[in-house]
Amino acid sequence: QVQLVESGGGLVQAGGSLRLSCATSGRTFSGYVMGWFRQAPGKEREFVAAIGWSDGIADYADSVKGRFTISRDNAKNTVHLQMNSLKPEDAAVYYCVAEEGLVEDLQKSWLSGSRPPDDYWGQGTQVTVSS
C-alpha cells in the first residue's frame, strides 16, 4: 500500500520560508514523477512542482518559479518542497502526489487538469501566510 505523508506546513509571515517534506513508502518510485499540488479555499487543486524520481528533472508552475524548489532524497525515500519568498496567495493545503511517467509529459497533463490516481495522494499539510 502506497503511503505519502506530508509534514512541515505551518504559519509564516509573507516573505518567509517553509520546507515541506513528503515521506514515501509502500513501493519503489523508480519511473515515477513526484509532485506537489495545492488547494486554497474555494479554488481548484492546482499543480505546483514536479520532479522525476530517477532522473531528478524538475519543473514548476509559473506562479512559483524562482521561489520554490523541489528535490528528492532517494536514500530516504523523501521529497521536499523548499518555499521561499512566500506570498499570501501561496496559502493552501499542499498535497504530495506520485504518478508513473516523465516530468515533461505529466507536467503538461497536470497543468491541463489531469490528476494523479487517487491512491497516490497524501493527506495534505496546511500552509498559512500572513500579510
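Everything numeric here is computed off the predicted structure, so don't read it as measured data. For the numbers below, each heavy atom of this structure counts, side chains included, while hydrogens, waters and symmetry mates do not.
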Provide the full list of ring pair (Phe, Tyr, Trp, His ring centres under 6.0 Å) pairs with a residue in residues 3-23, sequence neighbours left out, each pair given once.
none
Quick test of your reading: applying ring pair (Phe, Tyr, Trp, His ring centres under 6.0 Å), list the pairs with at least one residue in residues 71-105, sequence neighbours left out, ordered by first then second residue.
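Residue pairs passing ring pair (Phe, Tyr, Trp, His ring centres under 6.0 Å), neighbours aside: Tyr95-Trp121.
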To the nearest 0.5 Å, how far apart are [atom1] in [X] and [atom2] in [Y]?
X	Y	atom1	atom2	result
Asn74	Ser54	CG	OG	7.5 Å
Leu81	Met34	CG	CE	12.5 Å
Thr24	Gln3	OG1	CD	10.0 Å
Ile51	Gln107	CD1	CD	13.5 Å

So, using side chain to side chain contact (heavy atoms under 4.5 Å, CB included) as the criterion, who are the partners of [X] when residues are at least two apart?
X	result
Ser7	Ser21
Asp119	none
Lys43	Ala40

Pairwise side-chain contact, Phe29 with Val2, heavy-atom cut-off 4.5 Å (strictly under):
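Yes - at least one pair of side-chain heavy atoms lies under 4.5 Å apart.
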Compare all side-chain heavy atoms of Arg45 with those of Arg115 and state whether any distance is below 4.5 angstrom.
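Counting from C-beta outward, Arg45 and Arg115 do come under 4.5 Å.
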Can you list every disulfide (SG to SG under 2.5 Å) pair that touches [range], not counting sequence neighbours?
range	result
residues 38-78	none
residues 43-95	none
residues 24-131	Cys22-Cys96

Is there a path of hydrophobic side-chain contacts, each under 4.5 Å between heavy atoms of I, L, V, M, F, W or Y residues, that connects [X] with [Y]?
X	Y	result
Val97	Val93	yes
Trp36	Val103	no
Val79	Leu106	no
Leu20	Val33	no

Where do [X] and [Y] come nearest, in terms of heavy atoms and distance?
X	Y	result
Pro88	Ser131	CG-CB, 3.9 Å
Glu99	Pro116	OE1-CA, 3.3 Å
Ser17	Gln82	CB-NE2, 3.9 Å

Any donor-acceptor pair under 3.5 Å linking the side chain of Glu6 with the backbone of Gly124?
yes
Holding to salt bridge (Lys or Arg N to Asp or Glu O under 4.0 Å), I want the full list of residues that pass it with Glu46, two or more places apart in sequence or in another chain.
Arg38
Using residues 59-67 as the side-chain source, report each donor-acceptor pair under 3.5 Å to any protein atom, sequence neighbours left out, with the distance given to one decimal.
from, atom 1, to, atom 2, distance (Å)
Tyr60, OH, Ile70, N, 2.9
Asp62, OD1, Lys65, NZ, 3.3
Arg67, NH1, Ser85, O, 3.0
Arg67, NH1, Asp90, OD2, 2.7
Arg67, NH2, Ser63, O, 2.9
Arg67, NH2, Asp90, OD1, 3.0
Arg67, NH2, Asp90, OD2, 3.4

By ring-ring contact (aromatic ring centres under 6.0 Å, His included) - contacts of Trp110 (at least two apart)
Phe37, Phe47
Under the ring-ring contact (aromatic ring centres under 6.0 Å, His included) test, residues paired with Tyr120 that sit two or more places apart
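Checked Tyr120 against ring-ring contact (aromatic ring centres under 6.0 Å, His included); matches are Tyr32.
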